[in-house]
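These notes are about the structure you will find just below.
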2 protein chains.
Amino acid sequence: MHEPLFEYIEAKSELKLTDEERLLIKSKFQPKRLRKRQYFLQEGDVSKYVAFIVKGSARMFSVDDKGHEHIIRFGLESWWLNDAESFISLTPSRYNIEMLEDSELLIISVADAYELRDKSRLFDLTIKAMDKQASMATQRRIHAAISMTGEERYDELVNTYPQFLQRFPQNMIASYLGLSPETLSRIRKNLMSK
Amino acid sequence: MHEPLFEYIEAKSELKLTDEERLLIKSKFQPKRLRKRQYFLQEGDVSKYVAFIVKGSARMFSVDDKGHEHIIRFGLESWWLNDAESFISLTPSRYNIEMLEDSELLIISVADAYELRDKSRLFDLTIKAMDKQASMATQRRIHAAISMTGEERYDELVNTYPQFLQRFPQNMIASYLGLSPETLSRIRKNLMSK
DNA sequence: AAATAGCCTTGACAAATGTCAAGTTGAATT
DNA sequence: AATTCAACTTGACATTTGTCAAGGCTATTT
C-alpha cells in the first residue's frame, strides 16, 4: 500500500530510503479508502490532514453565492490533496475536496507532517521538491488566467495535462479553466474546423 | 544594509540569529542598487539570483504577441524577486522583472541559496515559512482569477493589498488583475456611486 | 515657462463570454 | 427493456470586457 509513496519520495529526493525510514514513514501515513463522490474535505471544516493519492482522482472546488462550482485544482495518482490555506493557518476551509473515482489515499496529520520533515531528511527534501514544482505550476496558471483567452488556456491545458481530458468530464475542465461549459463546448467545436 | 533581512529571518523562523549565522548570511547576500526602470531580470535570460527587497518596488511581467504587458506579481519591501520557473529549472525566463522605484536589493545565487539552506537551520525555516505563505497567496489568486468578476477581484485586492493602491499606478493594478485600464477605470467609477 | 510624456477617463463600438432554454446522446439504475 | 440522470451541444440573447480614439490632468524634463 505504501510502496507508491516510497517510490515518489525516492524519485523526488533522488536518494534511497533506508528500511528504518520506510518504517517511520509507514507509521505516520495511514491508509484511507474513499469512494467516488465522497468528500475528503468539506467547506467549513479545518484541513487537518494531507493526502497522497495512491489511486484515484479528486477535485478541489468552491461554491459561490449563485451556487456555481469553481474547480481550483484536480488531483491524480501521486499528487497531494489538501487546502494549503486551511492546513497552514488551521482556519475553516472555503473549499471542498471530492473524490471523482473510488480512491486509495495515504493521509498524514499536520503535526505528524512537521515531525516527519524534522526526522527524515529525505522526506524534507521531497516536500521541498514538491513545493518547487507547485510554485512553478501555480505561476504558470496565474499567467494563463490573467493573460490568455479561453481558447489559449484550453490549448495550454491540452499540452500540459493531456491526462485531464481522459479522466475528467468536460464541464469540470471548463470550471478549472474559468469558463462556462457552453463556452468550452464552442471553443472545441471551433478548434475542430482548424 | 543586511539588517532588514536579519529581522525578516527572525520574524519568519521565530528564532534569534547567532552572530555566526549573521556573518554567514551576510557573506552570501550581496547588496545591489537598481534605479527606477532598470531590470533585475530580462526575458530570455536565466534567473540565477533571488533578490530580497530592502527598499523599493518591482513588477514581474510578460509581454504577449500583441505587445501587451501582463503583470504576474509585484514586489515590495521584504518580498522576494525571482522567476520560480527559470530559477528552479535554469531555463530562459519568459518574464521581465523591472524596478518601479529606486531600490536596494540583497541578492543571492542559486547555488549559495541551496548551500545556505543546508548550513543554516534558521534560513531553511524562513524559506519554508515563505513557501507556505506564497502557496496560500497563489491559491487565493487562482481562485479569484477563475471564479470572480473584475469588480470582485478589485475588491479583494483593495482588502488584501491596500498598499498596492498607494505604490502602483492604476494601469498596472489593472494588468495585475487581468483587466484593461479602461475596464478598471469604469469599475472604480461604478464603485464610487455605491 | 513651455513642452513632453505618462496616466486616467470617457464614448462608441466590437468581441468574448455568460445565461437560459431546449434537445440529444449515452451511461447508469431500476 | 425501460427509465433516469448526467454530460454535451446548440441557438438566442444579455452582460462583461476589450479596443480604438480623443481629451484632460499632472508631474517631469527641457
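Proteins get letters first, then strands, A, B, ... in listed order; numbering begins at 1 in each. Since the model is a prediction, treat every value here as computed from it, not as a measurement.
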Closer than 4.0 angstrom, basic N to acidic O: yes or no for B/E182 and B/R186? no

Can you find a donor-acceptor pair, distance only, under 3.5 Å between A/E182 side chain and C/dC20 base? yes

What is the distance, rounded to the nearest whole Å, between atom CZ of B/R167 and atom C1' of C/dC7? 19 Å

Give a yes/no answer on whether the side chain of A/S180 brings an N or O atom under 4.0 Å of OP1 or OP2 in C/dT17. no

Would you kindly give the CG-to-C1' distance between B/L179 and C/dT9, to the nearest whole Å? 16 Å

Mind telling me whether A/F164 and A/W79 have parallel, tilted or perpendicular rings, with 30° and 60° as the class edges? tilted

How close or far is atom P of C/dG6 from atom CD of B/E69, stated in whole angstroms? 12 Å

Atom CE of B/M148 to atom C1' of C/dT17: distance rounded to whole Å? 19 Å

May I have the distance from A/N171 (atom CG) to C/dG26 (atom P), rounded to whole angstrom? 17 Å

Is there a side-chain polar atom (N or O) of A/Q170 under 4.0 Å from OP1 or OP2 of D/dT9? yes

Between A/Y176 and A/Y161, how do the two ring planes meet: parallel, tilted or perpendicular, split at 30° and 60°? perpendicular

Is the distance from OP1 or OP2 of D/dT9 to the nearest side-chain N or O of A/K189 less than 4.0 Å? no

Starting at the 5' end of DNA chain C, which residue's closest nucleotide do you reach first, B/L184 or A/G178? B/L184

Please determine whether a side-chain nitrogen or oxygen atom of B/T183 lies at a distance below 4.0 Å from atom OP1 or OP2 of D/dT17. no

Does the side chain of B/H68 come within less than 4.5 Å of B/H70's, by heavy atoms? yes

